[in-house]
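The basis for the numbers below is simple: all heavy atoms, side chains too, and nothing from hydrogens, waters or symmetry mates.
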Amino acid sequence: MDLNTITTVAHPRSRAQLPVWAAGDAWLAGGTWLFSEPQVHLTRLIDLTDLKWPALTVTDTHLSISATCTIAQLDALVCPPDWIAAPLINQCCRAFLASFKIWKTATVGGNLCMSLPAGPMISLTAALDGVCTIWKASGGEQKIRVVEFVTGDQRNRLTAGDLLRQIDIPLAALKRRSAFRQISLTPVGRSAALLIGSLDGGGTLTLTVTASTVRPIQLSFPKPPDASALRAAIAEHITDEEYHADVHGKPFWRKHMTLRLAEEIRGELLEMARP
C-alpha cells in the first residue's frame, strides 16, 4: 500500500536524534500493518532501523528482545538446554497468521504495540514475565509488565510519542516447566484462544490467558489447584465482558475453550511434575 500522504521520513541514529513528536507522526519498524491499509492521517514516518538495536541480548539474568527484533530472528534463537520453556518461543512464532515474508519483516515490538488480542508475541512475553521498557516522549524511561502494558483490544499504555524500546524476559521464567494450547476456528486461522501455563520449582502454577480475552490475564496459584478450583478462579478473574468477540469466535465459545484448554494445561503440568 502506497502511503501518499507521507511527506517526510526521518532516520534517527540515536535517542538524541529522535524528532519531537507531532500530530501525523508514526514509528516505522517492520511496517507490515502500517503499509497494509491507507493511513491518511499520517504525514511523517520515523524509521527506527538506523538505531541498530541488537535484536537479542542474553545477560546473566535476562533475555532482552529489542522492539525491532523480527519474528524470524526470535524464532532462530538457539537456546541453552536449561531453558526448558524455550519451545514456547517457536510455538508462539508459529501462532501468527502470517507468511514467511511477514516473519522476516514483522517485529516483536510491533505486535505488542498493535495490541490485538490474538498477538502471539503478547502471549509469549506475558507468560514469561516480560517487562517492557518504554522511552517516554517527555524524557526518561518507564518499565511496565507486559500483562499490564496491553489494556484492551488495540489499546495499551503508550501515550503520544512514547516508544517501546525492548522487552526483558527473566531467565528464571525460561527455566520453568511450560505447557501451550492454542485453537482457531480454521486450521490456519487467527488464534481464538491461546493459553500458556508454567510451573516453577516451588510448585507455583501460573496460567496466562490471551486471544480469547481482550487483554492478557494472568492467574497464579501457590500450589497447583484441582480442576474445580481452577475453573472457579477463571470465572472469578475473567468476566464475560472480557471475552473477545469478532469473526474468529464468539465470546461464549471462547470462554468454553478457555476453560477446556486451561484444564488440559493443568493436567499436563501436573503430569510433568510427577517423580
Side-chain angles (χ1 to χ4, degrees), residues 1-57 64-76 92-93 96-125 130-144 146 149-168 190 215:
M1 174 69 64
D2 291 334
L3 303 184
N4 55 21
T5 59
I6 300 299
T7 59
T8 306
V9 179
H11 296 275
R13 295 178 180 273
S14 67
R15 184 173 185 181
Q17 292 181 8
L18 293 175
V20 175
W21 188 265
D25 284 350
W27 303 115
L28 171 61
T32 53
W33 175 81
L34 192 64
F35 286 95
S36 70
E37 59 183 54
Q39 309 287 348
V40 296
H41 62 293
L42 298 181
T43 56
R44 179 172 65 171
L45 300 180
I46 304 171
D47 191 342
L48 303 176
T49 55
D50 284 343
L51 292 168
K52 299 190 183 302
W53 294 334
L56 298 158
T57 305
S64 291
I65 307 171
S66 77
T68 52
C69 174
T70 67
I71 307 307
Q73 287 172 320
L74 179 60
D75 184 67
C92 287
C93 287
F96 266 96
L97 180 60
S99 69
F100 73 93
K101 294 180 181 179
I102 297 297
W103 260 38
K104 293 182 178 181
T105 309
T107 62
V108 175
N111 195 245
L112 266 71
C113 293
M114 275 297 296
S115 299
L116 294 169
M121 296 297 97
I122 299 170
S123 309
L124 175 67
T125 54
V131 175
C132 300
T133 297
I134 299 167
W135 283 359
K136 300 295 291 181
S138 57
E141 292 184 349
Q142 178 187 17
K143 293 188 180 293
I144 184 170
V146 173
F149 174 76
V150 178
T151 59
D153 181 12
Q154 299 185 73
R155 300 201 312 271
N156 56 53
R157 297 283 292 275
L158 294 174
T159 58
D162 288 352
L163 175 60
L164 177 62
R165 168 61 182 88
Q166 66 191 50
I167 307 97
D168 292 325
R190 179 176 290 181
R215 61 181 178 88

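Between Ala55 and Cys69 the shortest heavy-atom distance is O-CB, 3.5 Å. When all heavy atoms of Pro54 and Ser66 are compared, the closest pair comes out as O-CB, 3.2 Å.
Residues forming a side chain to side chain donor-acceptor pair (under 3.5 Å) with Arg215 (at least two apart in sequence, or on another chain): Glu242. Looking at residues two or more places apart in sequence or on another chain, you find a side chain to side chain contact (heavy atoms under 4.5 Å, CB included) between Thr105 and Thr32. Judged as a side chain to side chain contact (heavy atoms under 4.5 Å, CB included), and not counting sequence neighbours, the contacts of Arg15 are Leu18, Trp135, Glu141. Here Arg190 pairs with nothing under the salt bridge (Lys or Arg N to Asp or Glu O under 4.0 Å) rule; sequence neighbours left out. Remark: Thr107 pairs with Ala29 by the side chain to side chain contact (heavy atoms under 4.5 Å, CB included) rule, at least two apart or across chains. Listed by chain and number, the residues in a side chain to side chain donor-acceptor pair (under 3.5 Å) with Gln39 amount to none (sequence neighbours excluded). Asp168 meets the side chain to side chain contact (heavy atoms under 4.5 Å, CB included) test with His62, Ser64, Thr133, Lys143, Gln166; sequence neighbours excluded. Legend: residues meeting salt bridge (Lys or Arg N to Asp or Glu O under 4.0 Å) with Lys136, ordered by chain and number and at least two apart, are Asp162.
Note that NZ of Lys104 and OG1 of Thr70 are 9.5 Å apart. Values are rounded to the nearest 0.5 Å.
The side-chain hydrogen bond (donor to acceptor under 3.5 Å, both in side chains) pairs that include a residue from residues 108-124 are Ser115-Asn156, Ser123-Thr210, where partners are two or more places apart or lie in different chains. The ring pair (Phe, Tyr, Trp, His ring centres under 6.0 Å) contacts involving residues 2-22 comprise Trp21-Trp27, where partners must be two or more places apart or lie in separate chains. Sorted by first and then second residue, the salt bridge (charged side-chain N to carboxylate O under 4.0 Å, His left out) pairs involving residues 29-38 (not counting sequence neighbours) form an empty list. For the side-chain hydrogen bond (donor to acceptor under 3.5 Å, both in side chains) condition, the pairs that include at least one residue of residues 41-57, sequence neighbours left out, are Asp25-Arg44, Asp47-Thr49.
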Applying side-chain contact (heavy atoms from CB on, under 4.5 Å), run through Cys93 and Met121 and close with a yes or a no.
CA-CA 7 Å; Cys93 287; Met121 296 297 97; 4.1 Å; yes

